[in-house]
Amino acid sequence: MAIEHAFLPVLLGDEMNAYGMARAFYEAYGVKPLALNHTNMEKIQQSDLLTFREVPRLHIEERFVTALKAIAQEFPEKKLLLLACDEFYVKKIVEHKDELTEDFLVPYVDTTLAHQLLTRESMYELCAQFGFQYPAMHVCTVNDYEEYEMTFDYPIVIKPMNMTKYATCIFPGKKKVYIAHDKVEKDSIFHAIYKESAYRDDLMIQQYIPGEDANMCVVNAYVGQDGKAKLLAVGNPILEEHSPEGIGRYVAIMTAYNPTLMENVKTFLEAIQFHGFATFDMKYDERDGHYKLLSIELHNELSNYYVTASGYNLMQYVADDYVRGSKQPLTYVQNKHLWTIVPNGVLFKYVQNEQLIIEAKSLIRQGMATDSIFNYKDMNAKRWLNVTVDNLNFYRKYKKYFNNKGLSNS
């Protein structure tokens, strides 16, 4: 007999992020979340840990609230916890928060603060007031990019500001993030994006911070409804993806304990009266010995499962706070754990720091390592085949695209 739960997580957007969040909910409560998207999500349909539903035109402004209210009507006896799995749906939820709170528990800040944190220029200005450092940057538009004169040295990072619209564009040489080493490369990238594709939104130009993948740092935080930080965790991404469509995505993270960073993030989030999830991506700059803030996300990415795997289930924090009203003390995660979504053969071959490889092998031997996608407790025949094919593809992609110069600053 199926267990009935008093609440139901409703997850919107990116399928791989949805899977990691669904796994965490299932492990904490035995509940199977409802995962919604406007497109088919084949990779998670075989999972026994969630229920997937394709909702046509869910992403359309006129349809969004109506579709979600229709979903809510199907579950009148349940508390519905609404969570986004990507930035697009974070923005949609925040924009319609007042309407959605009639039917859902919505653990997001209001529009003004969300917009300030999700817009690079205003986010950097706000964070600078609290001592965060960041790489120099400039935003170009389709109207002024040809006149832009560089104000900082090459190499530079070039990234579309509207990833939702950019995702629909198809053109030769397309990448998620670009690195330009000189003016010729910069102009070539601008030409490809603005002349050979339909993309017309802004582009971010940012000073590149040198260093390998292991120079990256991610801080995950949960702040309760009372405005007090409840959980902070620091992860050291020891390997990123390097393929054009996935560059900059973390594929292996080792937990780290950095109380100074944790305290800085805690102070900042409480001071701005934040609540909900926040993910800080940073990179250590060996030139001056400081971490440079790259971005803040208000959604949980696939890699957030490293926190859950280390013994502190992130989804349990939001559910206990919003559904159960539990009191939660402040916790700084100190447990060592290795999270990965790539085969060990890829990990050991492409991680550049030999000491990190030794640590990773030790954690694996001790049973302190987790692959959040290759989940033996959720492995029917179809899912096993899909996951196995994906793992084999990692070998192919790293052989083709890996660049040991450490070109990541996304």
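Every value quoted in this text rests on a predicted model; they were computed, and no experiment measured them.
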Are Asp321 and Lys230 ion-paired here, with the side-chain N under 4.0 Å from a carboxylate O?
no

Note, Arg200 side chain near Lys165 side chain (heavy atom, < 4.5 Å)
no

Under 6.0 Å from the CD1 atom of Ile170, do we count more than 12 heavy atoms belonging to anything else shown?
no

Closest non-hydrogen atom pair between Arg249 and Leu302, with its separation
NH1-CD2, 4.0 Å

Atom CD in Gln46, atom CG in Leu385: separation rounded to 0.5 Å?
9.0 Å

In sequence, state the C-alpha distance, the side-chain angles, and the governing distance for Glu62 and Arg57, and then conclude on salt bridge (charged side-chain N to carboxylate O under 4.0 Å, His left out).
CA-CA 9 Å; Glu62 297 76 16; Arg57 301 173 67 244; 5.4 Å; no

Given the rule in the side chain to side chain contact (heavy atoms under 4.5 Å, CB included) test, do Tyr291 and Asn215 qualify, once you have shown the distances and angles that lead to the verdict?
CA-CA 9 Å; Tyr291 282 98; Asn215 282 26; over 6 Å; no

Measure the CZ-OG1 distance between Phe130 and Thr267 for me, rounded to the nearest 0.5 Å.
9.0 Å

Report the C-alpha distance between Asp390 and Lys43 in whole Å, list the side-chain angles of each, state the deciding distance to 0.1 Å, and finish with yes or no for salt bridge (charged side-chain N to carboxylate O under 4.0 Å, His left out).
CA-CA 10 Å; Asp390 283 347; Lys43 289 188 176 181; 3.5 Å; yes

Considering the options Trp384, Tyr19, Tyr26, which one meets the side-chain hydrogen bond (donor to acceptor under 3.5 Å, both in side chains) requirement together with Asp378?
Tyr19

Determine the sole option in Val109, Leu126, Thr111 for which the side chain to side chain contact (heavy atoms under 4.5 Å, CB included) test with Gln116 is passed.
Leu126

Flag the pair Leu82 / Leu68 as yes when at least one side-chain heavy-atom distance between them is below 4.5 Å, and no otherwise.
yes

OG on Ser372 to OH on Tyr305, rounded to 0.5 Å:
7.0 Å

Find the distance between SG (Cys140) and CD1 (Ile205) and round it off to the nearest 0.5 Å.
3.5 Å

Between the side chains of Ser243 and Glu241, does any donor sit under 3.5 Å from an acceptor?
yes

Would you name the heavy atoms of Glu270 and Gly227 that are closest together and state the gap between them?
CG-O, 3.4 Å

Consider only side-chain N and O atoms of Asn220 and Tyr306, and report whether a donor and an acceptor are under 3.5 Å apart.
yes

Hey, are the side chains of Phe171 and Ile193 touching, using non-hydrogen atoms and a 4.5 Å cut-off?
yes

Of all heavy-atom pairs linking Ala72 and Asp103, the shortest is CB-CB, 3.6 Å

I would like to know whether Val234 and Cys217 meet side chain to side chain contact (heavy atoms under 4.5 Å, CB included); could you show each step before the answer?
CA-CA 7 Å; Val234 175; Cys217 174; 3.7 Å; yes

Do you see a donor-acceptor pair shorter than 3.5 Å between the side chains of Ser362 and Gln366?
yes

For Tyr166, does the six-membered ring have the charged nitrogen or CZ of Lys174 within the cation-pi criterion, i.e. under 6.0 angstrom from the centroid and within 45° of the normal?
yes

Passes side chain to side chain contact (heavy atoms under 4.5 Å, CB included), Ile209 versus Leu294? Steps please.
CA-CA 10 Å; Ile209 301 174; Leu294 302 178; 4.3 Å; yes

Student check: side-chain heavy atoms of Asn375 and Leu49 closer than 4.5 Å:
yes

Can a salt bridge be assigned to the pair Asp226 and Lys228 using a cut-off of 4.0 Å between side-chain N and carboxylate O?
no

I'd like to know whether the aromatic ring centres of Phe7 and Tyr29 sit less than 6.0 Å apart in this structure.
yes

Would you kindly say whether Asp144 and Thr141 are connected by a side-chain donor-acceptor distance under 3.5 Å?
yes

Centroid separation Phe132 to Phe268 less than 6.0 Å
yes

Heavy-atom check, side chain of Ile364 versus side chain of Phe348, under 4.5 Å:
yes

Between Ile341 and Phe394, what is the shortest heavy-atom contact and its length?
O-CE1, 3.2 Å

With Ile238 as partner, the option from Asp213, Leu356, Ile357 fulfilling side chain to side chain contact (heavy atoms under 4.5 Å, CB included) is Leu356

Please work out which of the three classes, parallel, tilted or perpendicular, describes the rings of Tyr194 and Tyr199, given edges at 30° and 60°.
parallel

Output, in order, the C-alpha distance, side-chain angles, deciding distance and verdict of salt bridge (charged side-chain N to carboxylate O under 4.0 Å, His left out) for Lys91 and Glu95.
CA-CA 6 Å; Lys91 291 179 178 178; Glu95 289 169 2; over 6 Å; no

Side-chain heavy-atom pair Asp48, Asn380 within 4.5 angstrom cut-off
yes

Side chains of Asp320 and Gln328: is there a donor and an acceptor less than 3.5 Å apart?
no

Are Tyr134 and Gln206 close enough that a side-chain donor and a side-chain acceptor fall under 3.5 Å?
no

Residue pair Tyr208, Asp153: steps toward the side chain to side chain donor-acceptor pair (under 3.5 Å) verdict:
CA-CA 9 Å; Tyr208 172 71; Asp153 296 334; over 6 Å; no

Where Gln273 and Leu113 come nearest, the two heavy atoms and their spacing
O-CD2, 4.2 Å

Donor + acceptor pair across side chains of Thr151, His138 (<3.5 Å):
no

Tell me whether Lys92 is salt-bridged to Glu61, with the criterion being a basic N under 4.0 Å from an acidic carboxylate O.
yes

Any Lys/Arg nitrogen of Lys283 or Glu212 sitting under 4.0 Å from an Asp/Glu carboxylate oxygen of the other?
no

Derivation and outcome, side chain to side chain contact (heavy atoms under 4.5 Å, CB included), residues Leu50 and Phe25
CA-CA 9 Å; Leu50 55 81; Phe25 274 117; over 6 Å; no

Supply the atom-to-atom distance Met315 CE to Met21 CE, rounded to the nearest 0.5 angstrom.
4.5 Å

NZ of Lys349 to NZ of Lys399, rounded to nearest 0.5 Å, is 7.0 Å

By the definition side chain to side chain contact (heavy atoms under 4.5 Å, CB included), identify the one residue from Lys183, Glu185, His181 that meets it with Tyr154.
Lys183

Test item: side-chain donor near acceptor, His38 and Tyr89, under 3.5 Å:
yes

Can you name the closest pair of heavy atoms from Lys336 and Thr255 and give their distance?
NZ-O, 3.0 Å

Any salt bridge (Lys or Arg N to Asp or Glu O under 4.0 Å) pairs touching residues 15-42, not counting sequence neighbours?
Arg23-Glu27

Pairing donors with acceptors under 3.5 angstrom, does anything connect the side chains of Trp339 and Ser303?
no

Counting C-beta onward and ignoring hydrogens, is there a side-chain heavy-atom pair between Phe280 and Leu269 closer than 4.5 Å?
yes

Side chains of Glu121 and Met137: does their closest heavy-atom pair fall under 4.5 Å?
yes

